[in-house]
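Since the structure comes first, as structure tokens, the remarks are kept for the end.
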Amino acid sequence: MTADFSIGLVEISGLGDAIITLDDMCKVANVEFVATERRLGGRLVTLVVRGEISAVKAAVDAGIARAKACGTFKAAQVIPRPHKEILPYLHLDEDKPVEPKSETAGTHVGSVTEDNEKPKPARRGRPKKTA
């Protein structure tokens, strides 16, 4: 019961540095950016990529190098052929898509369907005056 791909995770402090790090990761190797977890209002960001083991290792190494150069590296991990039980936690379960409970719970990257669209929040403040 294992997946036929590998997963790489890089944890960084700072949303801006995470975006730069992800850019380097995707340029270095043929990996797919699949998810991100944001905590503390974007001050702690975990990037998740997947692909073949060699590509994922190269991407994670590039991510570590960029994050260390920025001084924002926290942690990194490569999981070769992860067990299918952890895929829903990383928003990778193809049978049952997981929708985050809030923005801070995580952000799934991919196409948005009409079923996944959320209603717009109610307008705050005073109601508009009508003439």
Q | Nearest heavy-atom neighbours spanning Leu87 and Pro82 | A | CD2-CG, 4.1 Å
Q) Which atoms form the tightest heavy-atom contact between Ala76 and Val60, and what is the distance? A) CB-CG1, 3.9 Å
Q: Locate the shortest heavy-atom distance separating Ala55 from Ala29; write the atom from each residue and the value.
A: O-CB, 3.2 Å
(Q) Please determine whether residues Ile53 and Val10 belong to a single hydrophobic cluster, defined as Ile, Leu, Val, Met, Phe, Trp and Tyr linked transitively by side-chain heavy-atom distances below 4.5 Å. (A) yes
Q. Step by step, would you call Val45 with Asp17 a side-chain contact (heavy atoms from CB on, under 4.5 Å)?
A. CA-CA 9 Å; Val45 181; Asp17 289 332; over 6 Å; no
Q) Distance from Leu15 atom CG to Thr72 atom OG1, nearest 0.5 Å? A) 11.0 Å
Q | Side chains of Ile79 and Leu9 in contact at under 4.5 Å (non-hydrogen atoms) | A | yes
Q. When rounded to the nearest 0.5 angstrom, what distance separates CD in Glu52 from OG in Ser6?
A. 8.5 Å
Q. Does Leu22 belong to the same Ile/Leu/Val/Met/Phe/Trp/Tyr cluster as Val78, with side-chain heavy atoms less than 4.5 Å apart forming each link?
A. yes
Q: Over all heavy atoms of both residues, which pair between Val56 and Arg50 is shortest? Give the atoms and the distance, please.
A: CG2-C, 3.8 Å
Q | Sub-4.5 Å side-chain heavy-atom contact between Val31 and Phe33 | A | no
Q: Return each pair, listed once, that meets salt bridge (charged side-chain N to carboxylate O under 4.0 Å, His left out) where at least one residue sits in residues 22-31; pairs must be two or more places apart or across chains.
A: Asp23-Lys27, Asp24-Arg66
Q | Matching residue for Phe73 among Thr21, Ile12, Ile64 - test: side-chain contact (heavy atoms from CB on, under 4.5 Å) | A | Ile64
